[in-house]
Amino acid sequence: MKRLLIVGVVLLLVLSLSLETPVFAENEEQPKVEMRAAWIATVVNIDMPAGMSEAEFTEWAMDAVGRLAEMHFNTVIFQVKPTSDALYPSELAPWSRYITGKEQGTDPGYDPLQIMLDITHGHGMELHAWINPYRLTMPGQDLDDLASDHIAKKHPDWVVKYGQQYYFNPGIPEVQQYLIETVKELVTNYDIDAVHMDDYFYPYKIAGEEFPDEKTFHKYGQGFSNIEDWRRNNVNELVYEINQAIKEMKSWVQFGISPFGVWRNIADDPTGSDTEAGQTNYDHLYADTRQWIRDGSIDYITPQIYWSRQFMVANYSILLDWWSREVTTYSEVHPVNLYIGMADYKVNDNFDEAWDNPYELPEQILDNRFNDVARGQMHFSMKDVFRNALGYADILQDEIYHTKALTPATPWNGNRVPKKPISVMLEETDDVVKVVINNKKRKDVRKYIVYRFEGNKRGDYENPEHIIGVVYDNDGQAVFIDKDRDPHKRYTYGVTSVSPTGIESKGAKERKTKNK
């Protein structure tokens with residue numbers, strides 16, 4: 001009996017360890033294409049310190065983006081308009097207080113967005129400029145805290161207070177036009193890859209307090225029988241018009257939104273998710289995500305599924321499947337790429353014991369891959385990735401993201417397939433191989449992908465293990481420096497072209513190193 005008890009305990013222990021620390025196969029197939037993004041939140045300095053000089057900011061950005069690149073992330077989502085302000089010189093919005101740590105409107109003396117953009121592109125990574133259109137202040141701030149030339153002070157009739165914060169009134173047409181103009185300024189002046197909005201539309205509901213826009217509804221709500229439908233239409237119009245404005249200026253620049261993780265609960269709509277969320281996009285934030293998918297107003301959607309696979313009120317697995325059906329069913333104008341917002345900040349969260357398992361989030365990513373509809377994920381936020389609670393980020397780097405991956409394409413914004421580069425030359429030294437790309441006669445290329453194969457023959461271009469770098473085109477030229485090659489081996493390098501919408505050339509220009 002005692003022996004049986006010992007055997008039982010051992011079996012339970014083995015079972016427990018297998019559940020807590022699964023081992024992923026080393027040869028598990030890695031995706032060649034997968035969104036791997038990290039949000040860099042600047043509001044209240046969540047991820048970015050305030051008060052840095054230009055040299056200090058540059059050093060900080062180089063370190064942050066460099067660490068993400070080492071972990072094989074391929075996209076940075078940089079918050080450039082946290083509270084209707086700007087982390088770049090703007091004619092339409094004041095400097096953000098979160099760059100200087102001083103009063104709003106204080107010029108830091110440099111351009112944080114341009115520096116971040118140069119560094120991010122220098123690592124072959126995309127930069128998505130993250131904006132918060134309606135929010136004017138954070139809790140505890142007053143209108144007096146806004147810069148003297150802020151548009152809200154020029155037009156106080158555009159402003160409403162709800163709870164402890166101030167917002168632009170989404171129902172005023174002039175507000176909508178102003179917000180569109182701020183996006184046009186951003187896209188015109190910067191070579192960003194996408195404009196990104198998160199989940200703050202109409203503000204989250206405060207118990208017992210109604211958003212104060214009844215008078216605005218009476219003035220502008222003709223044709224709507226209830227204020228809720230009118231509010232949703234206000235947001236729908238803004239989303240649609242922003243996308244139209246972007247595409248008219250630069251058709252390849254994406255527009256993506258990361259909404260709250262629940263559209264509607266099944267109790268409120270039979271087509272909603274089997275969840276019991278206390279607030280939802282449709283009913284409380286007036287964000288009709290289904291409509292954006294249906295009318296092609298967005299290129300990607302990233303629902304923030306910030307719950308575990310054990311949390312029954314809003315279960316990760318249920319919502320992953322629901323959002324997958326959503327983009328499959330309702331993408332009528334063009335496909336919409338589905339990415340998943342990951343709750344890195346919840347790892348080691350005592351509220352839900354599932355997050356005590358360092359494999360909860362890595363296994364969610366595997367679920368995304370097996371799902372076959374989701375095209376990748378975005379991590380909130382950068383500081384939590386670097387914090388590496390329970391060692392989960394080590395698991396990401398060693399077992400989940402252990403090869404590079406390319407960002408998904410958007411062929412509906414332009415489906416032309418680029419030709420391979422005209423010329424690729426290798427400059428060899430004992431320490432490095434410099435891959436020099438000359439493609440000056442071609443105007444349809446945004447990036448180049450550099451592959452490396454051992455020996456004299458080409459390998460499998462579909463295997464991401466052979467991707468060693470991505471470089472952005474610079475007026476028909478680009479250079480990639482391979483610092484990791486073995487000087488005693490011979491290699492074959494292949495370079496493909498990538499269109500502005502992410503389409504890769506069918507052929508590659510190849511060059512071989514000299515015999516050693």
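Atom set for the values below is all heavy atoms of this structure, side chains included, hydrogens, waters and symmetry mates excluded.
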Examine the side chains of T75 and H128 and answer whether a donor and an acceptor come within less than 3.5 Å of each other. no
Should the ring pair H121 and Y472 be called parallel, tilted or perpendicular, given that the plane angle runs from 0 to 90° and is split at 30 and 60? parallel
Using a distance-only test with no angle check, is there a side-chain donor-acceptor pair under 3.5 angstrom linking Q79 and D47? no
Taking the basic N atoms (NZ, or NE/NH1/NH2) and the acidic carboxylate oxygens, is any pair closer than 4.0 Å for E181 and K184? yes
Apply ring-ring contact (aromatic ring centres under 6.0 Å, His included) to the pair F224 and F217, showing each step before the final yes or no. CA-CA 9 Å; F224 291 91; F217 173 57; 7.6 Å; no
Hey, does L127 have a side-chain heavy atom less than 4.5 Å from the side chain of L113? yes
Where G341 and T302 come nearest, the two heavy atoms and their spacing: N-CG2, 3.4 Å
Between N368 and Q377, a side-chain donor and acceptor under 3.5 Å: yes
Give the ring-plane orientation class for Y401 versus H379, where under 30° counts as parallel, over 60° as perpendicular and anything between as tilted. perpendicular
Neighbour count above 12 (heavy atom, 6.0 Å) for Q164 CD: no
Should the ring pair W60 and F57 be called parallel, tilted or perpendicular, given that the plane angle runs from 0 to 90° and is split at 30 and 60? tilted
Can you find a pair of side-chain heavy atoms, one from Y162 and one from Y167, that are under 4.5 Å apart? yes
Which heavy-atom pair separates G171 from W230 by the least distance, and what is that distance? CA-CZ2, 3.6 Å
Is it true that N348 and Y392 share a donor-acceptor pair across their side chains at a distance under 3.5 Å? no
Can D191 and R446 be counted as an ion pair, charged N to O under 4.0 angstrom? yes
Within a 6.0 Å radius of atom CD on E353, are there more than 12 heavy atoms belonging to other residues, nucleotides or ligands? no
Counting heavy atoms not belonging to E91, are there more than 12 under 6.0 Å from its CD? no
Please check if any side-chain donor atom of W252 sits under 3.5 Å from a side-chain acceptor atom of D193, or the reverse. no
Considering all heavy atoms of both residues, which atom of A314 and which atom of W307 are nearest to each other, and what is their separation? O-CB, 3.0 Å
Test item: F255 and M197 side chains (from C-beta on) under 4.5 Å apart, heavy atoms: yes
Is E363 salt-bridged to R309, cutoff N-O under 4.0 Å? yes
Mind listing the closest non-hydrogen atom pair of V43 and T83 along with its distance? CG2-CG2, 4.4 Å
With side-chain contact (heavy atoms from CB on, under 4.5 Å) as the criterion, how do T137 and D142 come out once you've worked through the C-alpha distance, each side chain's angles and the decisive distance to 0.1 Å? CA-CA 7 Å; T137 67; D142 207 332; over 6 Å; no
Without hydrogens or angle criteria, can the side chains of T275 and N265 be said to hold a donor-acceptor pair below 3.5 Å? yes
Output, in order, the C-alpha distance, side-chain angles, deciding distance and verdict of salt bridge (Lys or Arg N to Asp or Glu O under 4.0 Å) for E29 and R369. CA-CA 10 Å; E29 185 176 346; R369 290 178 182 173; over 6 Å; no
Ignoring hydrogens and geometry beyond distance, is a side-chain donor-acceptor pair present between T407 and E126 at under 3.5 Å? yes
Over all atoms of both residues, closest heavy-atom pair of N388 and A393: OD1-N, 2.7 Å
Check whether the side chains of D111 and Y190 place a donor and an acceptor atom closer than 3.5 Å, and report yes or no. yes
Tell me whether the guanidinium CZ or amine NZ of R231 lies under 6.0 angstrom from the six-membered ring centre of F211 and within 45° of its axis. no
Residues W412 and D299: side-chain donor-acceptor under 3.5 angstrom: yes
Are Y98 and D85 close enough that a side-chain donor and a side-chain acceptor fall under 3.5 Å? no
Does the side chain of M35 come within less than 4.5 Å of N74's, by heavy atoms? yes
Can you tell if the side chain of P133 reaches within under 4.5 Å of the side chain of F168, non-hydrogen atoms only? no
Within-4.5 Å side-chain heavy-atom neighbours: W292 and N243: no
Can you see which heavy atom on P358 is nearest to which on I395, and at what distance? O-CD1, 3.8 Å
Flag, side chain of R97 to backbone of D145, donor-acceptor distance under 3.5 Å: yes
So do H150 and S84 actually touch side chain to side chain, heavy atoms under 4.5 Å? yes
Does CE belonging to M138 count more than 12 external heavy atoms closer than 6.0 Å? yes
Counting neighbours of NZ on K153 that are heavy atoms of other residues, nucleotides or ligands and sit closer than 6.0 Å, is the number greater than 12? yes
